[in-house]
Amino acid sequence: MKDLKIFDTYSKSLASFKPISAPFVGIYVCGPTVYGNPHLGHARGPIVFDVLHRFLKFCGYKVRFVRNITDVGHLVNDGDEGEDKIAKKAKIEQLEPMEIAQFYTDSYHKMLNSLNVLPASIEPRASGHIIEQIEMIETIIQNGFAYEVNGSVYFDVIKFSQTNDYGRLSGRIVEDLLAGAGNETRELEGQSEKRSPNDFALWKKAGPEHIMQWSSPWGKGFPGWHIECSAMSKKYLGETFDIHGGGLDLLFPHHESEIAQSVACSSAQPARYWMHHNMITVNGQKMAKSLNNGIAIDEFFSGNNALLEQAYSPMTLKFFVLQAHYRGTLDFSNQALQASEKGLNRLLAASDTIKQLKISALSTIDIDSLETKCFEALADDLNTPILIAHLFELVTLINNIDNGTQSINNEDYIKLESLYNSYVFDLLGLQKEASQGNEKLEGVMKLVIELRKQAKESKNYAVSDAIRNQLAEIGIELKDGKEGTTFTF
RNA sequence: GGUCGGAUGGCCGAGAGGCUAGGCACGGGUCUGCAAAACCCUCUACACCGGUUCGAAUCCGGUUCCGACCUCCA
């Protein structure tokens, strides 16, 4: 078996994955800020890194997968004195901040469940790690890379960059950042307190209007934008761990700052490999809360959004995401979603066909080379679209065996079934949608189908067609197949 | 303004110096009382202009257009 290659954003190159201490692998992925309903864009990271998670397990690694929940700390950017995002929403809705965080954490989990994403090994909350964050800030101050002003603590970017290459991850040059060329769009709050405009907050002093605040050596306040990930990844994965993942939009300043904080604290690079997935776009533009073009996940399931022509199932969304490589942008459209829906149905229908295949004395197929191609597709920087292309070759093969164009022997049959199940269900994490019916309805439909069959057999097509048409009117479609009639909603 | 990335057939999307994915739609067929469904087969595209090369969608230069980051963001 060949090794896994992943594109490392830090070195900007394809790198062979070598764990720090095999068979253990530590992964940290930036999770959501729980102050809004998850939209399609929020689904991409979990889906992509879930395939990574599953693939590493498939390769025999023991994976600790950490995905945080940010329930504190990010600043609202509308000029009103840097109020905590969650606290801001709480005021509007007159709810406890933690109530909001809990509500949206739950809805995030619902999304993950519906998408059949494996649970994280640890899902730490920022609010539960204030002490760790404070300790880390203190160490950074002791090491001389941060300073306190009026109850706030800032990271000293200039000092840090004298001995470290701040900006390496995101391809930025400190001098350019300091020059701030052309970027005079907005005065950041607290700018006057900073020694340099690029210094970022590790700890912010809280005014009385801040609902979420904690005691610290510098007074009442709340943690800065980036420190939680540094503190929690260090706590659960160590000073240096294997893979850090997140969205491309977090590259700067979030991940750049994480590196700076970790290095300033421990003199160690936090992650060996950095992976960033690209954005989902709508009409070519990033789907983002601030652009108000996000389509909420539950709107996809209900079809209740002006941009949607119909409802789409969770697996359709997942398959849609997996049909594009994670490092490219993926443009949303109804046509594309509908294509994914039909393709997925064909892919999944093959699992039933496999069960009814006839075993022959000899095989006309080469299952081993297909297996190799599937593995190599994933090993090549998680190339799920190539994997899916190979799986569709497998589907055609299965169907051709079924219709007698090709044949398979017992040994190959076992391999084929295992190949299909491993890649479709275990690695991509697809699943068949639960049937919408219930036992009583199934019984009624069985009866109706039997009556129609009798009508057809006595050539009473007026009756059989009436049954079919009237069922169609209430949204139940009958399909006459070789093995009898089935129905779908 | 700075930095980075992208333009692929009707649509979505891989790939990548010669072997030219895959899905969906279209078309042809099998099946069927009819229809639908299902299944099979088919469909040769890489923004524009130059250059390098025996050969470029793929490399180089230029042009046009689009996007991302630089500010919270998956």
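Computed from a predicted structure; not experimentally measured. By convention in this document, chain letters (A, B, ...) are assigned in the order of the sequence lines, proteins followed by strands, and residues within each chain are numbered from 1.
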Taking any heavy-atom pair under 4.0 Å as a contact, classify A:K342: base, sugar-phosphate, or nothing. sugar-phosphate

Looking only at side-chain N and O atoms, does A:Q406 offer a donor or acceptor that is under 3.5 Å from a partner on A:N400? no

Under 3.5 Å, is there a donor-acceptor pair linking the side chains of A:N403 and A:T405? yes

Compare the aromatic ring of A:Y461 with the six-membered base ring of B:G33 and state whether they stack according to the 5.5 Å and 30° rule. yes

What dot-bracket string describes RNA chain B from 5' to 3', counting Watson-Crick and G-U wobble pairs whose defining distances are under 3.5 Å, with [ ] for crossing pairs and | for pairs to another strand? ((((((((.[[[)....(...]]]..((((.......)))).....[[[[[..)....]]]]])))))))....

Just call it for A:L250: base, sugar-phosphate, or nothing, with non-hydrogen atoms closer than 4.0 Å on any strand. sugar-phosphate

Contact class for A:G45 vs. all strands (heavy atom < 4.0 Å): base, sugar-phosphate, or nothing? nothing

Hey, does the side-chain of A:D465 have a donor or acceptor N/O within less than 3.5 Å of a partner on the base of B:G33? yes

How is A:H277 classified with respect to the nucleic acid when contacts are heavy atoms under 4.0 Å: base, sugar-phosphate, or nothing? base

Length of the CD-P vector between A:Q470 and B:A35, whole Å: 21 Å

Is there, by distance only and without an angle test, a donor paired with an acceptor across the side chain of A:D249 and the base of B:A68 below 3.5 Å? no

base_contact_polar (B:C34 base, A:R468 side chain, donor-acceptor, <3.5 Å): yes

Suppose we screen for ring-ring contact (aromatic ring centres under 6.0 Å, His included). Which residues come up paired with A:Y423, at least two apart in sequence or across chains? A:F58

May I ask you to check whether A:Y273 and A:Y10 place their ring centers less than 6.0 Å from one another? no

Mind calculating the distance between CG (A:L330) and P (B:C24) to the nearest angstrom? 17 Å

One thing to verify: whether A:K432 and A:D352 come together as a salt bridge, which I'm taking to mean a side-chain N less than 4.0 angstrom from a carboxylate O. yes

Hey, does A:Q338 reach any base, or is it just sugar-phosphate, or nothing, if we go heavy atoms under 4.0 Å? nothing

Using a 4.0 Å heavy-atom cut-off, does A:S464 contact any base of the nucleic acid, only the sugar-phosphate backbone, or nothing at all? base

Looking at every strand, decide which applies to A:A324 at a 4.0 Å heavy-atom threshold: base, sugar-phosphate, or nothing. sugar-phosphate

